[in-house]
Structures are given as structure tokens and as C-alpha cells.
Trainee: 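I'd like to ask some things about the structure below.
Not measured: the values here are computed from a predicted model.
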Amino acid sequence: MTDTNTSMAPAGEPKRFGSLLEQSDRTKRRNAKEKRFRLYGVAAIAVGLIFLTALVVTIILNGIPAFTQTHMTLQIELPADKLDKKGERNLADIKKVSTFGYNPLIDAALVRAVTEAGVETDITKGKDLRDMLSSGAGAQLRNAVLENPDLIGTTHAFTLLTSSRVDGYMKGRVTRVSLARDKNLTPEHLNIVDGLVDTGAIRRSFSWNFITGTDASESRPEQAGMGVAMLGSFFMMLVVLVLSLPIGVAASIYLEEFAPQNTFTDFIEVNISNLAAVPSIVFGILGLAVFIQFAHLPQSAPIVGGLTLTLMTLPTIVISTRASLKSVPPSIRDAALGVGASKMQSVLHHVLPLAMPGILTGTIIGLAQALGETAPLLLIGMVGYIATNYPDGIASGFLDPNSAMPAQIYEWAKRADPAFYERAWGGIIILLVFLVTMNAIAVMLRRRFERRW
Amino acid sequence: MPASWILLSVLALTLIGYFLARQRAVASAGGDRRLLHSLPNYYGLNAALAAAVPALALLCAWMIIQPLAINSYISNDLPAEVRAVPGELSLAMADISRVADGLSEAVARGAITTEELDKLDAEASDVRSLLAGVGVALGSDVDAQSLDLARSYRAATNTGNILRNVVVLLVALAGMAIAVMITNKDFRARNFVERAILFLLVAAASVAILTTIGIVFSLIFNTVDFFSRYPADDFFFGTRWEPSFSGRGGASDLGFLPLIWGTLFISLIALIVAVPLGLMSAIYLSEYASKPVRAVAKPLLEVLAGIPTIVYGLFALLTVGPLLLDIFGRDGALGVNWMSGGTAAMTAGLVMGMMLIPFVSSLSDDIINAVPQAMRDGSYGLGATQSETLKQVILPAALPGIVGAILLAASRAIGETMIVVLGAGAAASLSMNPFDAMTTVTAKIVSQLTGDGEFNSPETLVAFALGMTLFVITLALNIFALWIVRRYREQYE
Amino acid sequence: MKDNIISEMDVTTDKIKISARDVQVYYGDNHAIKDVSVEIQDKTVTAFIGPSGCGKSTFLRCINRMNDTIDICRVEGDILIDGEDIYDSNVDPVQLRAKVGMVFQKPNPFPKSIYDNVAYGPRIHGLARNKSELDDIVERALKRAAIWNEVKDRLHAPGTGLSGGQQQRLCIARAIATEPEVLLMDEPCSALDPIATAQVEELIDELRQDYSVVIVTHSMQQAARVSQKTAFFHLGNLVEYGETDKIFTSPEDPRTESYITGRIG
């Protein structure tokens with residue numbers, strides 16, 4: 001100890017510490033800095049939460065209108081001499097009249113409705129008035145008649161879909177200004193719409209069609225629905241669940257309970273942690289090359305989507321399953337081994353059931369992730385396919401081309417007509433409802449079965 | 001569906017094996033189950049596994065190998081000039097297998113009988129319209145040689161299928177029979193069953209390896225194919241991305257640089273948004289926030305991570321883009337006219353940054369919490385304020401871990417697809433202006449693979465080369481980042 | 001070593017530096033410190049001894065309000081330093097801790113260079129006007145902590161690369177670099193080997209010239225070697241407090257005697 005004589009405080013300097021009861025200027029400055037820093041933290045969280053709020057509000061404001069649809073109720077005369085010339089009410093004869101045969105009837109009814117509403121307008125031709133209705137209105141009427149041929153010869157009230165422009169006007173999306181340059185509808189039509197709203201002929205109401213319906217072609221956004229895409233997603237998730245749960249659990253059991261410490265095990269582990277971080281689009285390429293190019297599975301089929309998403313979800317499930325297996329204390333295994341169970345029995349009879357809630361929670365979260373995944377689906381052709389038909393039967397559900405919820409949303413977002421944007425937002429609401437439900441179930445499972453050892 | 005019938009038959013054999021073996025074991029013990037080596041179920045399971053596993057494995061292998069074998073057998077009969085070019089060969093083979101499938105379909109629907117098929121003459125009859133009638137559309141007429149090859153393709157496939165069914169059934173039967181035969185009360189059924197289960201577990205774990213192999217191979221083969229049609233130099237160092245849409249024009253510029261530039265630019269914007277916000281959120285939540293605030297704010301922030309990327313994409317396209325345009329565009333609030341369209345690097349970058357906030361935040365949270373309490377105590381003991389402790393002790397100590405977290409976030413940003421497909425625009429450019437439309441590697445993978453181009457054209461195959469570079473970049477980032485984070489953790493353990 | 005010399009030294013001053021009155025500490029519902037009153041003298045080494053969990057460290061951490069960093073901890077009663085209540089609402093713990101330094105059980109150098117470790121306190125408290133003044137402060141502190149000769153050639157090497165004993169002396173240097181008036185030491189030698197322990201003990205005795213040192217130790221030998229005053233804690237109570245010699249030779253309380261003779265502990 002050589003330096004004992006070095007005194008800390010040089011002699012003669014005033015005492016450094018004033019009273020503790022007063023904050024020195026420097027302390028005040030430092031505390032102000034502290035406060036600022038804390039404020040940055042609050043601000044960062046606030047910005048994050050504002051983002052979240054903006055996102056949620058945007059989705060709800062833009063998406064909710066998709067669940068309602070504008071309809072026009074028209075008294076349509078169904079003259080027998082036009083629809084069923086023979087008068088035998090033979091379905092085959094009635095079917096001979098195409099959609100074009102029904103349009104004049106609608107036109108006539110429109111002219112009558114406009115006159116009754118007492119709207120002064122330059123548009124007098126029924127054909128022009130029909131622009132207010134969906135281009136599928138004729139088919140809608142024809143189907144109604146084919147379903148109930150007795151209607152022929154009567155005048156009956158039909159509720160027909162209006163065109164997306166009228167629907168947009170009712171929802172505030174379309175204005176007279178925006179119609180000035182529109183080929184499909186003129187501002188003049190909107191005066192008629194106003195009149196018909198007053199008489200109650202045009203009404204906007206909740207519509208199941210968006211939730212259960214099929215997708216429609218580019219020109220008829222008012223008819224498009226999510227129903228078929230939901231089925232597509234459902235079949236895909238079925239594949240994912242059936243494959244990824246057993247494979248994921250088996251792989252985790254092996255790695256956690258049986259795997260020896262060797263290079264093979266290490267290699268698997270490295271593979272899994274890397275696969276978890278591989279961009280999802282790469283899985284799409286894998287799906288395209290292996291399942292479609294190599295194995296010749298049908299394009300756009302939910303089974304291919306399911307297989308691709310399975311490979312993508314497996315790492316997530318393996319990681320969470322291993323965590324829940326790890327949380328089962330070794331004493332349980334020892335107890336089972338102690339009464340003479342084999343290692344396999346101790347794992348399958350004791351460890352696995354105890355880890356099951358955790359495994360299920362992880363699986364549901366993995367499924368939710370897969371449900372919202374879009375990029376791989378683009379590559380295996382689940383976009384661009386217009387899902388206008390429900391699958392007939394289970395095999396068809398797996399093997400026939402279909403869309404999926406996120407792919408359908410993407411499809412709508414790409415279309416030119418802004419009326420489809422509303423559909424896309426609405427589709428997101430449906431998708432998020434599923435995701436929230438799944439996550440809520442996962443959280444409930446965790447709460448209900450959480451065990452503290 | 002012969003494949004499903006064979007599956008059902010194997011299942012039936014499995015069930016039969018289960019009950020036979022179980023019965024036999026109990027019988028050999030004279031009905032006294034205590035004399036058995038294993039529980040009766042194990043004898044049954046042993047026979048069931050012996051029947052099902054080898055047979056099903058064989059079935060899978062057969063289904064993969066048979067088309068390959070038939071392909072190489074048939075392609076030997078193709079003209080040499082077709083065989084010399086790999087692309088031509090695979091095109092021709094695809095046509096032949098399509099015709100063959102169509103012929104089978106036609107026979108199945110009764111549009112043509114087997115005898116008629118054998119006598120079918122390509123010159124005399126219109127095979128194309130025949131196949132169109134059963135729902136198989138062909139690109140061109142079928143010439144005599146293709147028809148012959150398609151016929152032999154079909155014949156080979158049929159023979160192969162029959163052979164497959166017989167062999168698989170025999171294997172299942174043999175497995176079951178052997179397992180049932182060797183069943184007696186001293187047979188160690190449990191050990192056998194457990195070994196079989198262990199084998200299945202290993203097989204399941206190997207799926208991860210198979211997936212990686214699958215990714216690597218599907219990328220490599222097509223990438224090599226691409227580079228045989230398009231010079232690698234022009235790809236890696238080309239500054240123009242202008243694929244021609246006419247198909248095999250050879251006039252396409254497929255330069256990688258504008259794409260990686262856009263990718264890195266957008267990722268950088270995303271990180272500039274996400275890193276400070278995520279890091280400060282993590283610091284506030286782990287060091288300052290009271291319990292109730294933490295309990296509410298943390299899960300809420302993490303909701304951002306659970307939202308599918310398609311939602312962010314739509315948000316970028318329909319909300320953020322137009323909003324930015326209103327501010328930075330012509331006639332915008334600032335009157336600066338920096339932006340000409342809603343889709344831009346800034347749009348995608350901002351939204352991607354939003355998405356990454358919880359990712360950065362939860363990783364940093366873990367890392368900050370891994371700094372030992374002793375560091376904090378040491379600093380507080382010297383009279384440091386909390387922010388001084390954080391800025392001068394904790395963050396420097398956590399720096400390697402945070403760098404790792406940022407690299408992981410960067411890898412996420414580089415691989416992100418939907419946000420850039422919808423929000424960044426489609427024009428590849430080497431612009432410095434963040435308000436210009438840009439495009440990324442991922443966005444171009446999507447557009448090249450979802451277009452109408454022929455599969456074997458460079459315009460389509462380039463997607464695989466892009467995928468390969470994307471895979472290599474993200475893999476390297478991930479491995480490096482995980483290595484940093486692991487080393488960081490070990491330091492404090 | 002020279003422990004016999006240390007124990008023979010007289011207490012040099014009688015000035016009271018720290019005065020605690022009826023201090024109570026609660027961890028949630030747990031009453032950890034009960035009615036402790038003690039007066040600690042300036043320029044003296046005071047040792048807190050007692051079985052583990054007796055509250056000696058808790059009480060030590062009250063003296064520089066380190067317990068503030070633990071949410072569930074609540075302190076009642078008065079602790080005065082130089083006649084000022086440190087739990088007064090006007091007192092900033094940051095300023096207090098500059099005046100009352102602390103050395104911890106496990107050496108906890110920051111993952112920075114040796115120089116930056118020592119310079120940390122002076123920097124945050126703004127003690128140096130320029131680089132050369134800071135250099136002086138660092139050098140003096142390292143010399144004072146008797147580690148200068150070992151590290152002067154590698155001041156910019158990481159502090160975590162030193163041996164355990166060196167690390168602890170570095171932490172002491174770090175604590176005295178801010179020129180505190182009181183130095184609290186929470187079992188500073190418990191993680192050190194005997195040779196390093198001897199070095200640190202020697203250092204503590206030297207520090208007594210300038211500081212009021214309070215040391216918590218689980219080793220009675222250490223208390224006897226380094227301290228002039230000793231306080232014995234048991235189950236949260238201050239059982240006995242007095243001259244070290246007296247506590248170890250003729251304790252008044254039977255509990256103290258039991259502990260010293262090894263019957264409880």
C-alpha cells in the first residue's frame with residue numbers, strides 16, 4: 001500500500017456538499033433531463049398506441065359499410081306472354097327466357113316507380129334508369145321467377161341490388177362531384193335516388209351476402225362476398241391443424257425428451273430456429289416448386305396452401321411446444337420412471353398431458369398466424385382466381401381451386417373500382433374477428449390451465 | 001381413386017393386425033394377462049405399426065419416384081434436339097403428361113374406349129378437341145409422336161400404379177403377418193412399439209431438415225436454370241429492371257440493383273421509425289411504467305405484431321399513401337411537390353416501421369432485463385439518475401443484444417412482402433427520394449411469379465434467383481444476429 | 001496481516017455523522033427493521049454484524065436510500081446525516097447518494113474501461129471542469145483505492161477483465177471518485193479470496209482518515225479487524241451497539257454472546 005498519503009480533497013477548497021435539503025442547480029438540471037427522458041418514453045408508447053388506434057379506427061370506419069347493402073324495392077309486372085309463352089308453367093320453357101328478357105320488365109317498373117315518386121328528371125328511358133341497379137339485377141329477378149314460377153302473370157314486389165355507385169352514394173362514398181367524370185352513373189340519377197329514398201323504395205340495410213356470398217366479377221362489386229374464401233381458409237386451416245400439430249408435437253417430444261446431444265440434434269435445432277425467421281414468401285416459392293411444379297398438385301387448391309402454411313407454422317409450434325414440455329418439472333418424469341414406467345410411457349402418459357394446454361395455446365397462435373398469412377398464397381395461385389363457386393363436397397373443398405380470406409382481400413385491394421376497397425376493409429374485419437377469437441381462446445386456455453410448479 | 005382405395009386397404013389390414021395380435025398374445029398366455037411381457041395393447045400396436053408404417057412409407061416413396069422414372073424413360077424417345085435443351089425437354093414432357101392425363105380422363109368419362117384409344121390416329125382425328133371436351137385444354141394440336149409418347153406414358157403409369165398397389169398391399173400384409181406370427185406371451189412388444197414410436201418422432205423432427213433442403217433445392221435448381229438463360233453479371237450488376245412482357249423476347253433487363261436498393265431503402269425507413277420507438281417503449285415499459293400501465297400498454301402494443309401484414313398493406317395503400325400525398329404531394333399541405341403518387345418508399349417504410357415496433361420492443365425488453373440488477377445498483381449507488389443509468393450503463397451494456405435485435409428486425413423488414421406489394425409501388429428505381437415509388441425483391445418475386453409469363457422464361461425464373469438472394473441475405477442476417485444475441489446472453493449467465 | 005494493529009487504534013473523533021431514530025422498514029407486509037436507533041461517528045469504521053436475514057444490509061441501504069429503487073419497500077422514522085433528515089421530501093436521493101457512496105457485495109464494475117468506470121461518478125455529478133481535471137480525479141481515486149499501480153498501464157482496458165479483488169477495489173475507487181463523506185460497504189469481501197480480502201480490509205482502514213465508513217459483514221473476524229464500532233442485528237432489531245472490543249470481549253446482551261460464540265448464526 002503505497003499511496004496512503006494522497007488525500008482526496010485538496011486542502012483549502014470549500015466543502016463540496018451544501019445542504020441536502022436544497023437541490024443544487026446541477027441536480028435540478030439533471031432532474032429536468034430525467035423528466036424529459038421519461039417523456040420520450042411516454043411519447044414512444046403514445047405514438048405506438050396512436051398507430052394502433054388509427055389502424056383500428058380506419059378499419060372499422062371503412063369496413064363497416066361493407067356489411068350493409070343498398071336495395072331497391074320495385075313492383076315488377078311479370079307478364080305471362082313474355083315469360084311463358086305456352087302458358088304451361090313448364091320450367092324448361094321458362095328457362096328459355098334469358099336475363100335479357102327480364103331487363104325490359106325491370107325498366108318498365110323503374111319508369112313507373114320514378115313517376116310515382118314524382119321526381120322531375122331528364123332521364124326517361126328505362127334502360128338508362130337501370131344504371132341505378134346492379135348489372136346482376138336481371139339474373140336476380142330471373143332466379144326468383146325460376147324458383148317460384150307461380151309468380152308469372154302477377155305483379156310482385158322484388159328487392160333488387162342497386163349498383164355500387166348508388167350504394168356508394170347511400171354510404172357517402174360517391175358524390176355528385178365524383179360522378180361528373182363517371183361513365184356508369186350521372187349526377188342526374190342521384191336526384192332520382194333521392195326521390196326513391198323518400199318513397200322508401202331505396203333502402204340500405206344489413207346484408208348477409210357479404211359474409212356468406214361468393215366473389216363476383218370486377219364489374220359487380222355490390223355482389224362480392226367473403227363466403228367462399230372463408231371456406232377456402234377453413235379447409236387450409238384444417239390441413240395445417242391435422243399436419244402441424246402431430247408433427248410439431250412429435251418433433252418437440254423427440255428434441256426435448258429423447259434427442260442425444262450430438263451434431264444431428266444440433267443441426268435440427270439450428271434448422272428450426274432459422275426456418276422460424278425465413279421470410280414467408282420463400283415458403284411460397286417452396287410450395288410452388290415442390291407441391292405444384294414437382295408433385296403436380298392442383299394450383300390454387302386449399303390443400304397446397306395448407307401444406308405450405310404447415311411448413312411455415314411448424315417452427316412456431318415446435319418452439320412453443322418445447323417451451324411447455326420444458327416447463328413440466330423433472331420430478332414428474334422421475335416419479336413415473338420410479339414406478340417402473342418406460343421413458344416413452346413417462347412422456348406419453350404424464351409429461352405430454354401436463355404440457356397439453358401450453359401446446360394447444362401455441363398451436364392456436366400458430367394457426368392464427370397462418371390464417372392471416374398472404375404472401376405464400378400469392379405464389380401458389382390463390383390470388384387471381386375468382387372464387388365464385390362454393391366447393392361441392394369435402395374432396396372438392398381440398399382439391400378444387402379456391403381463394404382464402406387474406407388472398408381475397410388482396411384481390412379486392414388490387415381491383416380498380418374503389419367500391420372493392422370497402423369490401424377489402426370489410427374482409428379485414430371478418431379476418432380480424434377470427435384472429436381475435438382464436439387469440440382469445442388461446443389466452444383463456446392459458447389462464448384456465450396455467451400451472452405454477 | 002385407386003390411391004385412396006389402397007390407403008383404405010392398408011388401414012383395414014392395420015386394424016385386423018391389431019386385433020389378431022392382441023388376441024393371439026392373450027391366448028398364448030392362457031387368458032391370464034399377468035403372464036404377458038407387455039400390456040395386450042402393445043402386441044396389437046406392434047402388428048398395426050408393422051402393417052402400416054413400411055407400407056405407407058413405400059407408397060409415399062413410390063408416388064414420388066414413379067413419375068420421375070417414367071419421365072426419364074419416356075424422354076429417351078424424344079428427338080435428340082429436344083433433349084439437348086433442358087427447358088425444351090421439360091416443356092415437351094409437361095405437354096406429354098398433360099395429354100396422357102387428358103386421355104385417361106377421356107377414358108374415365110367414356111368419351112373414348114380403350115380400344116379406340118389404341119387405334120387413335122393423330123392425323124385423322126382431332127385429339128385437341130376430344131380432350132377439350134373432357135375439360136383438358138391444350139395449347140396446341142397434338143402431333144403423332146406426342147400422341148404415341150402420351151400413350152406409352154399412360155400405359156407406363158397404369159402399369160406402375162397396378163404394380164404399386166400390389167407391392168404396397170403385399171408389404172402391408174407381410175408386415176402384419178410377421179408381427180402376428182411372432183406374437184406370443186414372451187415377445188417384448190412394448191420395446192418394439194416404443195422403438196417404432198421413437199423412429200416416428202425422429203422422422204417428425206427431420207421434417208425441419210427436409211423443409212430446409214426443399215427450400216434450398218427449389219431455389220437452386222431454378223436459379224441455375226435462370227442463369228443458363230440470363231447472364232449472372234447482368235443480373236447482379238444490372239441497374240435497370242425492365243422485364244418485357246411479351247414472354248421470351250430476350251429483351252428484358254433484369255438488373256438486381258434497383259430492387260435491392262428499394263429493399264434496403266424501405267427497410268431503412270422502417271428501422272428509423274421502429275428502432276427509436278420500439279426501444280424507448282421497451283425502456284419505459286421495463287424501467288418506468290407502473291404495473292397497471294405495463295399490464296395495459298404492453299399487450300396493446302403487441303397487438304400490432306399480431307395483425308396480418310395484408311392489413312398493413314391495405315392501410316399503406318388506402319390510408320397512409322393518400323395521407324402522405326396530401327402533405328408532400330403537389331397542392332399538398334406543405335406545397336413541396338415531392339411526391340407524385342400515394343405508393344412510395346416512404347409509405348411502405350412508415351407502415352412497416354409501425355409493424356416492427358412491437359418486434360423491436362419485445363426483443364429489447366428481454367435484452368434490457370438481462371442486464372444484471374447489480375449494474376443498476378452500482379450506478380444508483382453513485383448517485384446517477386435513472387435516465388443516466390439507462391443511457392450510460394444499461395444501454396451500453398445491452399448494446400450487442402440490441403444490435404442483434406435490430407438485425408433481426410432488419411431481416412424481417414427485408415423479407416416483408418405484402419406491405420411493399422401494396423404500398424411501395426411497382427416501378428424499380430435507383431432514386432434517392434424517399435417519396436418516389438420503389439420496388440423490392442419480394443414485390444418482384446410476387447409480380448414475376450403471378451404474371452402470365454411462361455414458366456421457363458427468364459422473366460419468370462428470375463423470381464427464383466431473387467428468392468435465392470433474399471434467402472441468403474435474411475439467413476445470414478439471422479444467423480449473425482442470433483449469434484450476437486446468444487453471446488450477449490452467455491456473458492450475463 | 002496486521003489486524004492486531006488495526007484493532008488497537010483509537011477512535012479519533014466523536015462527531016456524529018449519521019443519526020437514526022426509530023427506523024422501521026417494511027417489505028410489503030414483512031416488518032424487516034424494527035425500531036432501530038443508532039448514532040454513527042465520523043471518520044470511523046462501523047461494522048454491522050448479525051446472522052443472515054437479520055436486516056443489517058437493509059438498514060445499510062436505508063442510509064443512501066437505495067431502498068427507494070425497490071417498489072414494495074417502505075421506510076419510517078428519521079435518518080439524519082449532518083443533522084439533515086435524508087427522508088425529507090426536499091431531499092433528492094441523487095444528491096444524497098453523491099454524498100453517501102456505496103460498495104456492493106459482488107464487485108459490479110460497469111462493462112466499460114477502467115478509466116470510464118472511475119470517471120462515471122465525477123462525470124454525472126459534474127466534478128471536473130476539463131479532461132485533465134478528470135484525469136487527476138481518476139488517478140487520485142485509483143491511488144486512494146490502492147489499485148493504481150496495477151492498472152495504470154491499462155486504464156482503457158475493460159474493468160470486467162480484472163480479477164475479483166481488483167474489481168472490488170475498482171468499485172471502491174469508483175465510489176470514492178465522487179468524494180463522498182460516507183462510504184457504505186455491503187459485505188465487500190464476501191465474493192473475494194483471502195488475499196484480496198486482506199487487501200480490501202487494509203484499504204478500508206486507510207479510508208477511515210477521510211470518510212465515515214459503514215460496513216456490513218457476516219464475518220466476525222473481519223468486523224473485529226477493521227471496525228472501531230460494532231452493531232449487532234438480530235431478527236430486525238439492533239441488539240447491541242458499542243466499541244468493537246467491548247462487543248467481542250464482554251457483550252451485554254445474551255443474544256450477542258450466543259452469536260459471537262457461534263450458538264446462533
Side-chain angles (χ1 to χ4, degrees), chain B residues 279 283-298 364-405 483-493, chain C residues 57 60-61 63-72 92-113 116-127 141 158-160 167-168 170-180 182-186 191:
Chain B
L279 198 56
I283 288 173
Y284 188 82
L285 286 176
S286 65
E287 302 280 328
Y288 288 108
S290 63
K291 260 199 179 145
V293 171
R294 190 178 156 89
V296 174
K298 202 171 148 77
S364 320
D365 198 5
D366 291 352
I367 283 156
I368 289 170
N369 284 331
V371 177
Q373 182 62 29
M375 293 292 138
R376 293 180 176 80
D377 282 349
S379 178
Y380 296 145
L382 289 169
T385 62
Q386 225 168 335
S387 63
E388 284 162 350
T389 305
L390 276 163
K391 281 190 279 191
Q392 297 178 32
V393 177
I394 312 252
L395 288 186
L399 194 63
I402 290 174
V403 169
W483 177 73
I484 290 183
V485 171
R486 188 173 312 145
R487 255 190 32 161
Y488 165 74
R489 287 190 181 285
E490 278 165 2
Q491 179 192 338
Y492 290 119
E493 264 165 15
Chain C
S57 286
L60 189 78
R61 290 167 68 93
I63 300 175
N64 69 345
R65 292 182 58 173
M66 274 302 277
N67 285 331
D68 287 16
T69 57
I70 300 164
D71 287 340
I72 54 163
D92 194 315
V94 164
Q95 229 168 314
L96 168 71
R97 289 177 198 146
K99 182 168 169 164
V100 184
M102 186 156 189
V103 175
F104 296 84
Q105 187 167 359
K106 237 180 91 186
N108 57 350
F110 302 136
K112 299 164 173 275
S113 71
D116 285 337
N117 259 287
V118 181
Y120 179 72
R123 272 188 183 133
I124 58 175
H125 293 293
L127 301 187
T160 41
Q167 283 190 8
Q168 193 62 304
L170 175 65
C171 291
I172 293 173
R174 190 176 68 187
I176 59 185
T178 53
E179 303 179 27
V182 178
L183 200 54
L184 306 178
M185 297 183 153
D186 189 357

Trainee: Select all residues of residues 376-385 of chain B having any heavy atom within less than 4.5 Å of some heavy atom of chain C, and report them by number, or 'none'.
Mentor: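 Near chain C, by residue number: B:D377, B:G378, B:S379, B:Y380, B:G381, B:L382, B:G383, B:A384, B:T385.
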Trainee: If the condition is ring-ring contact (aromatic ring centres under 6.0 Å, His included), which residues does C:F104 pass it with, not counting sequence neighbours?
Mentor: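 Applying ring-ring contact (aromatic ring centres under 6.0 Å, His included) to C:F104 gives none.
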Trainee: Listed by chain and number, what are the side chain to side chain contact (heavy atoms under 4.5 Å, CB included) partners of B:A295, not counting sequence neighbours?
Mentor: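 None.
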Trainee: Please say whether more than 12 non-hydrogen atoms of neighbouring residues, nucleotides or ligands are located less than 6.0 Å from NZ in B:K391.
Mentor: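 Yes, the 6.0 Å shell around NZ holds more than 12 heavy atoms from other groups.
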Trainee: C:P109 versus chain B, heavy atoms under 4.5 Å apart: side chain, backbone, both or neither?
Mentor: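 Interface part for C:P109: backbone (N, CA, C, O).
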Trainee: Can you tell me which portion of C:R174 sits under 4.5 Å from chain B's heavy atoms? Options are side chain, backbone, both or neither.
Mentor: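 Both backbone and side chain.
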Trainee: Would you mind checking which part of C:Y120 comes under 4.5 Å of any heavy atom in chain B, side chain (CB onward), backbone (N, CA, C, O), both or neither?
Mentor: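 Only the side chain of C:Y120 comes within 4.5 Å of chain B.
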Trainee: Would one find more than 12 heavy atoms of other residues, nucleotides or ligands at under 6.0 Å from atom CZ of B:R487?
Mentor: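 Open.
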Trainee: Under 4.5 Å heavy-atom distance to chain B, tell me which part of C:V100 shows up: side chain, backbone, both or neither.
Mentor: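 When you check distances to chain B, only backbone atoms of C:V100 fall under 4.5 Å.
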Trainee: To the nearest 0.5 Å, tell me how far C:H125 NE2 sits from B:E388 CD.
Mentor: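 Taking NE2 in C:H125 and CD in B:E388, the distance rounds to 7.5 Å.
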Trainee: Going by residue number, which parts of residues 392-404 of chain B are within reach of chain C, meaning a heavy-atom gap below 4.5 Å?
Mentor: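 If one takes a 4.5 Å heavy-atom cut-off, the residues of residues 392-404 of chain B near chain C are B:Q392, B:V393, B:A397.
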Trainee: So do C:P111 and B:M375 actually touch side chain to side chain, heavy atoms under 4.5 Å?
Mentor: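 They are in side-chain contact.
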